[in-house]
Asks: 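One structure is given below, represented as structure tokens, and several questions about it will come after.
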Amino acid sequence: MNRDVIIACDFSSRQATLDFLDRFTGRKPFVKIGMELFYAEGPSIVRDIKARGHRIFLDLKLHDIPNTVKKAMRVLSALDVDMVNVHAAGTVAMMQAALEGLTRPDGTRPLLIAVTQLTSTSEETMQKELLIDAGINDTIVKYASNARAAGLDGVVCSPLEAGMVKEACGPQFLTVTPGIRFADAATDDQVRITTPARAREIGSDFIVVGRPVTAAADPVAAYERCLQEFV
Ligand code: C5P
């Protein structure tokens, strides 16, 4: 799998998203569409962006009973997206069902990755609220191993966790990592962050970059800087 930079298109409307993407007249970036835009604009925004030549990571983080996830994945697969995700907490059976639903009659399918523990969940919250006694890193590695056992392609994780996931699940198992900032820039609300260059060294396959590109004075130049450092 070739390394690539995914731009998180965290815009609230079709117009804002398409205006932003219009700036990219050369290489068409791989883009991430999340819940906000998908729930606001529906499947047509996915079709429109796809028709403009972008690859799409549809970040909807499914988590339900296996049968429901399987049927929902069948719908998303027909949208011709390139990558989708589920919560690993939904269990191995749910992840296997997701994979089945995603696989098209001709055998092709989008990449399927799992969220292990959200980076907004601290070890303390996980132990006190969710009654998970293990350490957070052990939980992340166990959930990643479950995803691999279910046949998934990889996980979303912090770039700082990519090394331990690769160690546990093998070099082919993909790590898709948000929490990316340039060395000379603001961190915003992100905590466990690193630079595109360091993410490459640790073993990320895809970096997900939002505000460092979307809020830049020159988004195309910021995207190209990510490519230069990472790819
Ligand atoms: O603007 P920024 O670069 O922080 O955006 C990162 C993107 O990755 C956002 O869309 C955010 O929701 C997403 N994300 C994250 N941390 C996770 C999972 C997803 O920042 N653990």
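We count ligands from 1, going down the list as the structure has it; atoms in each ligand are counted the same way.
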Asks: Can you tell me the protein heavy atom closest to atom 17 (C) of ligand 1 and the distance?
Replies: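 Protein heavy atom at minimum distance: Thr119 OG1, 3.5 Å.
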
Asks: Under 4.0 Å from a heavy atom of Ala8: which atoms of ligand 1 are those, numbered in the order shown and with their elements?
Replies: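 Atoms satisfying the 4.0 Å criterion: 7 (C), 10 (O).
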
Asks: Quick one: look at Pro212 and ligand 1, take heavy-atom pairs under 4.0 Å, and tell me if it's side chain, backbone, both or neither.
Replies: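 The side chain, only.
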
Asks: Charged N to carboxylate O under 4.0 angstrom, Arg211 versus Asp189?
Replies: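 Salt bridge between Arg211 and Asp189, a charged N being under 4.0 Å from a carboxylate O: yes.
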
Asks: Compare all side-chain heavy atoms of Ile49 with those of Leu18 and state whether any distance is below 4.5 angstrom.
Replies: yes

Asks: Run the ring-ring contact (aromatic ring centres under 6.0 Å, His included) test against Phe11 and tell me which residues pass, sequence neighbours left out.
Replies: Phe20

Asks: Can you check whether Val141's main-chain N or O pairs, donor with acceptor, with Ser145's side chain at less than 3.5 Å?
Replies: yes

Asks: What protein heavy atom sits nearest atom 2 (P) of ligand 1, and how far away is it?
Replies: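 For atom 2 (P) of ligand 1, the nearest protein heavy atom comes out as Arg181 NH2, 3.5 Å.
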
Asks: Please write down residue, atom name and distance for the protein heavy atom closest to atom 12 (O) of ligand 1.
Replies: Lys32 NZ, 4.2 Å

Asks: Pro110 and side-chain contact (heavy atoms from CB on, under 4.5 Å): which single residue from Met73, Met83, Arg104 fits?
Replies: Arg104

Asks: Taking only Lys NZ, Arg NE, NH1 and NH2, and the carboxylate oxygens of Asp or Glu, determine whether Asp82 and Lys50 approach each other closer than 4.0 Å.
Replies: yes

Asks: With a cut-off of 4.0 Å, which atoms of ligand 1 are near a heavy atom of Arg211?
Replies: 1 (O), 2 (P), 3 (O), 4 (O)

Asks: Considering only non-hydrogen protein atoms, determine which one is nearest to atom 6 (C) of ligand 1 and report residue, atom name and distance to 0.1 Å.
Replies: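 Result for atom 6 (C) of ligand 1: Gln190 NE2, 3.8 Å.
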
Asks: So, is Asp59 polar-close to ligand 1, with some N/O to N/O distance under 3.5 Å?
Replies: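 No, since none of the N or O atoms of Asp59 sits under 3.5 Å from an N or O of ligand 1.
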
Asks: Please report whether ligand 1 has a polar contact with Gly210, defined as an N or O pair separated by less than 3.5 Å (distance criterion only).
Replies: yes

Asks: Any idea which heavy atoms bring Ala216 and Ala222 closest together, and the distance?
Replies: CB-CB, 3.8 Å

Asks: Is Ile132 close to Gln117 at the side-chain level, that is, under 4.5 Å between some pair of heavy atoms?
Replies: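 The answer is yes, as the side chains (C-beta and beyond) meet within the 4.5 Å cut-off.
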
Asks: Atom 18 (C) of ligand 1: which protein heavy atom is closest, and how many Å away?
Replies: Pro178 CG, 3.7 Å

Asks: Is there a polar contact between ligand 1 and Asp10, counting only N or O atoms under 3.5 Å apart?
Replies: yes

